[in-house]
Amino acid sequence: MSKKKDIRALTKEQLRDFFVDQGDKAFRGNQVYEWLWQKGAHGFDAMTNLSKATRALLEEHFVINHIRVDQMQRSSDGTIKNAVRLHDGLIVESVLIPTATRTTACVSSQVGCSLDCKFCATARLKRMRNLNADEIYDQVVAIDNESRLYHGHPLSNIVFMGMGEPLMNYNNVIKSIDKITSEEGLGMSPRRITVSTSGVPKIIKKMADDEVRFHLAVSLHSAIDEVRTRIMPFNETFPLKDLREALEYWYEKTERRITYEYVVWDGINDAKKDIDALVRFCSYVPCKVNLIEYNPIDDGEFQQASKKALDAYISALEKRNIVVNVRRSRGKDIDAACGQLANKS
Ligand code: SAH
């Protein structure tokens with residue numbers, strides 16, 4: 001790997017300082033920053049309003065560690081999946097999900113995942129490393145370009161529901177969101193961004209203290225410790241009472257309701273006691289529930305519950321005036337649906 005510095009790790013101030021140190025004008029730094037972050041330049045030669053000498057100077061000191069979309073797959077339902085190659089050769093996946101009302105980018109925050117959720121394909125890849133903020137940002141830019149190209153309009157929403165646990169790479173996730181929402185980046189509203197977590201209580205509280213303005217979704221899947229630990233072993237370390245306490249803190253500080261993601265499986269969490277526990281858990285903090293369709297990842301230990309079981313959940317929640325949505329899967333034919341991202345190709 002090159003010993004030159006990744007120019008994208010520099011702030012605008014640092015770029016301005018670099019040019020001053022080189023006896024040039026600070027303003028040059030703004031021009032380069034714009035090329036990197038608004039025009040998405042992948043090489044110094046593309047920076048056509050800089051002199052040849054300036055471009056050579058940059059070449060001498062820096063590299064641009066951009067991502068490359070290695071492979072793009074399109075599903076029959078319009079979903080697009082990108083296999084994204086990072087500068088060190090590792091690969092992550094990101095997805096574009098078009099619906100009638102929105103076009104959503106689903107991005108990855110880690111290469112692989114350190115959690116061990118039994119129903120998720122990404123869990124089978126061990127965690128290789130965290131993505132840096134630029135690598136996350138680049139996935140969004142790549143998907144935004146594809147959205148314009150194939151759907152004729154920019155992205156409307158972003159969900160951190162790809163590979164990895166975003167709260168275990170908190171600093172980079174926050175930095176990427178700062179760039180996504182800044183006028184010098186994509187200028188998107190934080191209200192259109194959702195970060196999904198299996199629930200790291202300490203970081204949920206930190207997010208509340210940091211006054212983040214995006215939405216929070218929690219992958220709950222069971223409101224009974226014993227059941228949740230079986231399917232999400234991580235729950236042993238961060239049991240439901242700690243999660244509950246963190247979510248109460250979040251709501252107290254942000255007044256923003258939480259989304260619970262929930263899959264109902266045959267024989268695992270489809271009994272009356274499971275429904276009662278969820279209804280109770282939903283009474284702690286204002287929330288809504290997204291019932292996600294299960295995307296089978298192999299052997300059959302997990303099976304989508306019957307429609308009857310789903311209906312029992314829906315009517316129990318609605319009886320308590322809890323908003324519940326049923327989320328149909330998209331992009332299944334290209335392994336792009338929730339829990340299917342596993343660098344198969
Ligand atoms: N680590 C984060 C984000 C990644 S997964 C989190 O846990 O929230 C995004 C969502 O897909 C989570 O709710 C996850 O529980 C769910 N999921 C994982 N595997 C799935 C599968 N096979 N079918 C349906 N949903 C799945």
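Along the sequence shown, residues carry numbers from 1. Since the structure is predicted, the reported quantities are computational estimates derived from the model, not experimental observations. As the structure lists them, so they are numbered: ligands from 1, and atoms in each ligand from 1.
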Please determine if K241 and E245 form a salt bridge, counting it only when a charged side-chain N lies under 4.0 Å from a carboxylate O. no
Starting from atom 7 (O) of ligand 1, find the nearest protein heavy-atom neighbour and note its residue, name and distance. S198 OG, 2.8 Å
Got the closest protein heavy atom to atom 4 (C) of ligand 1, with its distance? G162 O, 3.5 Å
Ring centroid separation for Y313 and Y262, is it under 6.0 angstrom? yes
Supply the atom-to-atom distance R228 CZ to L243 CG, rounded to the nearest 0.5 angstrom. 5.5 Å
F19 vs F27 side-chain heavy atoms within contact, under 4.5 Å: no
Looking at atom 15 (O) of ligand 1, what's its closest protein heavy atom, distance included? H221 NE2, 2.5 Å
Please write down residue, atom name and distance for the protein heavy atom closest to atom 2 (C) of ligand 1. S196 O, 3.4 Å
Would you mind checking which non-hydrogen protein atom is closest to atom 5 (S) of ligand 1, with the distance to 0.1 Å? M161 O, 3.9 Å
Under a 4.0 Å heavy-atom limit, does E261 contact ligand 1 with its side chain, its backbone, both, or neither? side chain
Has G164 got any heavy atom lying under 4.0 angstrom from an atom of ligand 1? yes
Which of the atoms of ligand 1 are close to E165, meaning less than 4.0 Å from one of its heavy atoms? 1 (N), 2 (C), 6 (C), 7 (O)
Closest heavy-atom approach to atom 23 (N) of ligand 1 among N295, V195, I297 is made by N295
Would you say ligand 1 has an N or O under 3.5 Å from any N or O of F160? no
Is it the case that the side chains of E261 and S196 hold a donor-acceptor pair, with the cut-off being a distance below 3.5 Å and no angle test? yes
Heavy-atom count check: over 12 atoms from other residues, nucleotides or ligands less than 6.0 Å from E226 CD? no
K179 charged N/C atom sitting above W37 aromatic ring, 6.0 Å / 45°: yes
Taking non-hydrogen atoms only, is T197 closer than 4.0 angstrom to ligand 1 via side chain, backbone, both or neither? backbone
Suppose we measure from atom 19 (N) of ligand 1 to each protein heavy atom; which comes out shortest, and what is that distance? G339 CA, 3.0 Å
Give me the residue, atom name and distance of the protein heavy atom closest to atom 11 (O) of ligand 1. C338 CB, 3.5 Å
Under a 3.5 Å threshold, yes or no: a donor from one side chain and an acceptor from the other, between N157 and T104? no
With a 4.0 Å cut-off on heavy atoms, does E293 reach ligand 1? yes
Among K12, R16, K25, which residue satisfies the side-chain hydrogen bond (donor to acceptor under 3.5 Å, both in side chains) criterion with N30? R16
Name the orientation class of the two ring planes belonging to F281 and Y284 (parallel below 30°, tilted from 30 to 60°, perpendicular beyond 60°). perpendicular
Pull out every atom of ligand 1 sitting under 4.0 Å from any heavy atom of C120, numbered as shown with elements. 18 (C), 19 (N)
Atom 13 (O) of ligand 1: the protein heavy-atom neighbour that sits closest, reported with distance to 0.1 Å: S219 OG, 2.7 Å
